[in-house]
Amino acid sequence: KQEVTQIPAALSVPEGENLVLNCSFTDSAIYNLQWFRQDPGKGLTSLLLIQSSQREQTSGRLNASLDKSSGRSTLYIAASQPGDSATYLCAGWMDSSYKLIFGSGTRLLVRP
Amino acid sequence: DAGVIQSPRHEVTEMGQEVTLRCKPISGHDYLFWYRQTMMRGLELLIYFNNNVPIDDSGMPEDRFSAKMPNASFSTLKIQPSEPRDSAVYFCASSCFECPPYEQYFGPGTRLTVT
């Protein structure tokens, strides 16, 4: 059974720091990997999707990479801002079935 | 596009009552997903549809849960009878396999409280 683990569970950093969020999965049969952001009491906002043929994706200050061989993905946030404070979730798409398996999330606090 | 629309946003009901959650996917998307989020179990996929047909309902917890998609623009998730342990946030999401950027887009969720 596929399991997705996110480390750390919580992170507090001062504004301006570069940071890395980690996501690992037990089964390398990940098809795509998607990173989401969730603000308290809100829905999920898609940040980046790494397709099966890709190794990384970039959007603004965000960069996500995927290494299927090691079963890991990382989300890099450059020059963090207080507005980046949220919970970040990674989710693996299993094979081509479109079933998303979610990690438990990393709760990020960026202090002014 | 208005995005994925869910209603109601909040629902409070008593144990034993029937609850119906509604979802309107993004126009043109042919996949629709229902998820449940709780503190204990995180986000779980309940069921998903492709072209209005249920493909995988293995995540539906019990027979008390049922989902339908009568057309491409509407889906319901029904719980009958509801129990306190069903209290959670229920999300609907949609996607298009053939359409970039291929991502799943989530609605704002319905927060269900069963007393």
Side-chain angles (χ1 to χ4, degrees), chain A residues 1-7 9-10 23-26 30-54 56-60 62 64 66 73 75 86-107, chain B residues 2-7 9-10 21 23-26 29-51 53-60 88-113:
Chain A
K1 179 185 175 183
Q2 177 72 272
E3 292 185 359
V4 181
T5 303
Q6 291 190 244
I7 295 174
C23 172
S24 62
F25 32 93
T26 54
I30 290 285
Y31 190 65
N32 295 338
L33 191 121
Q34 195 166 350
W35 282 91
F36 294 88
R37 167 184 173 143
Q38 185 174 29
D39 293 283
K42 305 290 187 181
L44 278 70
T45 301
S46 179
L47 297 173
L48 292 165
L49 169 68
I50 307 174
Q51 294 184 271
S52 58
S53 59
Q54 300 170 329
E56 67 176 330
Q57 280 287 339
T58 298
S59 176
L62 305 179
L66 174 62
S73 177
L75 178 66
T87 296
Y88 291 81
L89 295 141
C90 68
W93 292 18
M94 300 311 304
D95 302 315
S96 58
S97 70
Y98 269 80
K99 293 181 70 168
L100 271 180
I101 309 296
F102 279 87
S104 54
T106 293
R107 192 169 61 255
Chain B
V4 177
I5 299 173
Q6 292 187 246
S7 65
R9 295 292 309 277
H10 301 273
L21 311 182
C23 175
K24 176 179 170 56
I26 292 173
H29 282 187
D30 53 356
Y31 281 81
L32 184 138
F33 307 81
W34 283 101
Y35 293 88
R36 179 172 67 176
Q37 186 176 37
T38 61
M39 289 292 293
M40 290 296 294
R41 299 175 67 88
L43 264 165
E44 301 174 288
L45 176 65
L46 300 177
I47 184 173
Y48 77 95
F49 296 82
N50 177 219
N51 291 321
V53 176
I55 302 300
D56 188 337
D57 65 354
S58 59
M60 296 285 262
V89 181
Y90 291 81
F91 289 103
C92 175
S94 71
S95 184
C96 173
F97 183 66
E98 301 294 332
C99 316
Y102 313 109
E103 299 169 21
Q104 284 195 26
Y105 292 90
F106 279 68
T110 295
R111 182 173 297 276
L112 173 65
T113 302

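Here is how names work: the chains are called A, B, and so on, in the same order as the sequence lines, proteins then strands, and each is numbered from 1.
With hydrogens and angles disregarded, no donor-acceptor distance shorter than 3.5 Å links the side chain of B:Glu44 to the backbone of B:Arg36. Between the B:Glu103 side chain and the A:Gln34 main chain, no donor and acceptor come within less than 3.5 Å of each other.
Counting heavy atoms from C-beta outward, B:Tyr35 and A:Leu44 have side chains that stay 4.5 Å or more apart.
For the residue pair B:Ala88 and B:Thr38, the shortest heavy atom distance occurs at CB-CG2, 3.5 Å.
Proximity to chain B is absent for every atom of A:Gln57, based on heavy atoms less than 4.5 angstrom apart. With a 4.5 angstrom heavy-atom cutoff, B:Gln104 touches chain A via backbone and side-chain atoms both. Within the 4.5 angstrom heavy-atom criterion, no atom of B:Arg41 approaches chain A. Contacts between B:Leu45 and chain A at a heavy-atom distance below 4.5 Å involve the side chain alone, from C-beta outward. Using a 4.5 Å cut-off between heavy atoms, B:Ser58 contacts chain A through its side chain alone, with no backbone atom that close.
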Audit row: A:Cys90, A:Leu75, side chain to side chain contact (heavy atoms under 4.5 Å, CB included) steps and yes/no: CA-CA 9 Å; A:Cys90 68; A:Leu75 178 66; over 6 Å; no
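Each of B:Gly107, B:Pro108, B:Gly42, B:Ala93 has some count of heavy-atom pairs under 4.5 Å with chain A, and the biggest count is that of B:Pro108.
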